[in-house]
Enquirer: 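Sending over a structure as structure tokens; questions will come in a sec.
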2 protein chains.
Amino acid sequence: MKVKKATPWDPEAAPTFWINHASRLLMRHFEQRLRPLDFGMAYLPVVGALEEHGPQLQKQLAEHAHVEQPTMAALLTRMERDGLITREPHPGDKRASQISISEKARDRLPQAREQLAEVAAQATAGFSDRERATLLALLRRVVENLDPSIED
Amino acid sequence: MKVKKATPWDPEAAPTFWINHASRLLMRHFEQRLRPLDFGMAYLPVVGALEEHGPQLQKQLAEHAHVEQPTMAALLTRMERDGLITREPHPGDKRASQISISEKARDRLPQAREQLAEVAAQATAGFSDRERATLLALLRRVVENLDPSIED
DNA sequence: GCAATATAGATAGCATGCTATGAAAGTCAA
DNA sequence: TTGACTTTCATAGCATGCTATCTATATTGC
């Protein structure tokens, strides 16, 4: 005979909700620390890419950050408003814009990264190096399992 | 002497970005599968709590789902629009509302859970039971490290 | 009883993200 | 060259989530 309901299906048993919860907590911590710098969490991959590879197209930045094009467009609008990037007409392709990093962004990038590192450290406080590596590896596999694009 | 730049600080090395990326991918898969049911990913913990514990206050639902009160207010508005819950004046406290699950929601909950399970399975495809458990345990620890409320 | 405080929701404003769609400009084949 | 296709971006509309702040109603301590 069946037990009536031991626990009528626990959504908390799936890693999906924990991934989501962790993501939201990370966002909150980040945004709080980055606000004084006029940075947002989403800005970091963009500023990083621009610093490392020089001016780029919106398309390239979207691919780098793994977000859709309209998401990147809105993100760049906010970053422009915050004085972290500039958009100039692309020479040779009137459809496109060249996105460049500003001095302000270049100056503040190290501090933003410092905040990132601190939050990351807090998130994995009490983890051994091995556990950190394991978490990263498992998450990579989750992403591979879900990402429509095979590239990584 | 220093190497010029081995890799000028890689944000992808931190689990934080992978958690975020995985979370977004999960959302996309979910929303796509739940849309035909008039469900959203965020609805599930709410409908689940209402089914299991009966009518509740907004406050209780927010705590259960680990979201802030205004987030739950907006969520309930959408759920009400989609015919999944009803809000009635609370007898005995004129400030509060009683949130109740609708028949439609009760009917569709199993199907929504089925979709959830399938996405979860896809996310951890190729994982051993042990790896699944490890991922869950590490994520729990991340959440504990970041959650201001000690409870869990 | 009543003023001070606490609690339940509502609202405004914003950040991130998505899909769907349109417009402009480049490319290429006939 | 020119019509069809591709590519790059913009816009609209929406879901989730947050903080800050306001209102209305309870509760509590004198």
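Chain letters run A, B, ... following the sequence lines, proteins first, then strands; residues in each count from 1. Just the heavy atoms: all of them, side chains too, but no hydrogens, waters or symmetry mates, feed the values below.
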Enquirer: For a quick check of understanding: with a heavy-atom distance under 4.0 Å over all strands, which category does Arg87(B) fall into, base, sugar-phosphate or nothing?
Expert: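 Touches sugar-phosphate only.
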Enquirer: Determine whether a donor-acceptor pair (N or O, by modelled atom type, separation under 3.5 Å) exists between the side chain of Ser102(B) and the backbone of Gly83(B).
Expert: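 Yes, the answer is positive, given that a donor and an acceptor are paired below the 3.5 Å cut-off.
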Enquirer: Once you round it to whole Å, what is the distance between P of dA6(C) and NZ of Lys59(B)?
Expert: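 In whole Å, dA6(C) P lies 13 Å from Lys59(B) NZ.
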Enquirer: Tell me which of Asp93(A) and Met72(A) sits closer to the 5' end of DNA chain C, going by the nucleotide each one is nearest to.
Expert: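 Mapping each residue to its closest nucleotide by heavy atoms, the 5'-most match is Met72(A).
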Enquirer: Atom pairs under 3.5 Å, N or O on each side, protein against nucleotides 13-17 of chain D: can you list them with distances?
Expert:
unit_1	atom_1	unit_2	atom_2	d
dA15(D)	OP1	Arg81(B)	NH1	3.0
dA15(D)	OP1	Arg81(B)	NH2	2.9
dT16(D)	OP1	Glu31(B)	OE2	3.1
dT16(D)	OP2	Arg78(B)	NE	2.5
dT16(D)	OP2	Arg78(B)	NH2	2.4
dT16(D)	O5'	Arg78(B)	NH2	3.2

Enquirer: Distance check needed: dA25(C) P versus Arg95(A) CZ, whole Å only.
Expert: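 Computing the Arg95(A):CZ to dA25(C):P distance gives 10 Å.
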Enquirer: Taking everything shown except Lys94(A) itself, do over 12 heavy atoms lie less than 6.0 Å from its NZ?
Expert: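 Result for NZ/Lys94(A): open.
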Enquirer: Could you check how far CZ of Phe30(B) sits from C1' of dC18(C), rounded to whole Å?
Expert: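 Value for this atom pair: 16 Å.
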Enquirer: Would you mind reading off the distance between Leu76(B) atom CG and dA8(C) atom P, rounded to a whole angstrom?
Expert: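 That distance rounds to 15 Å.
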Enquirer: Does Lys94(A) place a side-chain N or O at less than 4.0 Å from the phosphate oxygens OP1/OP2 of dA25(C)?
Expert: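 Result: no.
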Enquirer: If the threshold is 4.0 Å, N to carboxylate O, is there a salt bridge linking Arg106(B) and Glu103(B)?
Expert: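 Yes.
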Enquirer: Nearest whole angstrom, please: distance from the P of dA10(C) to the NE2 of His90(B).
Expert: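 Taking atom P of dA10(C) as the reference, NE2 of His90(B) is at 14 Å.
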Enquirer: Rounding to a whole Å, what distance do you find between Gln56(B):CD and dT7(C):P?
Expert: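 Gln56(B) atom CD is separated from dT7(C) atom P by 19 Å.
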Enquirer: Take atom CZ of Arg130(B) as the centre, draw a 6.0 Å sphere, and report whether it contains more than 12 heavy atoms from other residues, nucleotides or ligands.
Expert: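 Atom CZ in Arg130(B) is not crowded, with 12 or fewer foreign heavy atoms closer than 6.0 Å.
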Enquirer: With sequence neighbours excluded, what pairs up with Arg95(A) under the side chain to side chain contact (heavy atoms under 4.5 Å, CB included) test?
Expert: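 By the side chain to side chain contact (heavy atoms under 4.5 Å, CB included) rule, Arg95(A) matches Asp93(A).
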Enquirer: Have a look at Gln69(B) and say if it touches a base, only the backbone sugar-phosphate, or nothing, with a 4.0 Å heavy-atom cut-off.
Expert: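 Base: the residue Gln69(B), judged by heavy atoms under 4.0 Å, touches a nucleobase.
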Enquirer: So how far is it from Arg78(A) CZ to Tyr43(A) OH, rounded to the nearest 0.5 Å?
Expert: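 Going from CZ on Arg78(A) over to OH on Tyr43(A), the span is 5.5 Å.
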Enquirer: Does a side-chain N or O from Gln32(A) land closer than 4.0 Å to OP1 or OP2 of dC18(D), or not?
Expert: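 False: Gln32(A) side-chain N/O out of range (4.0 Å or more) of dC18(D) OP1/OP2.
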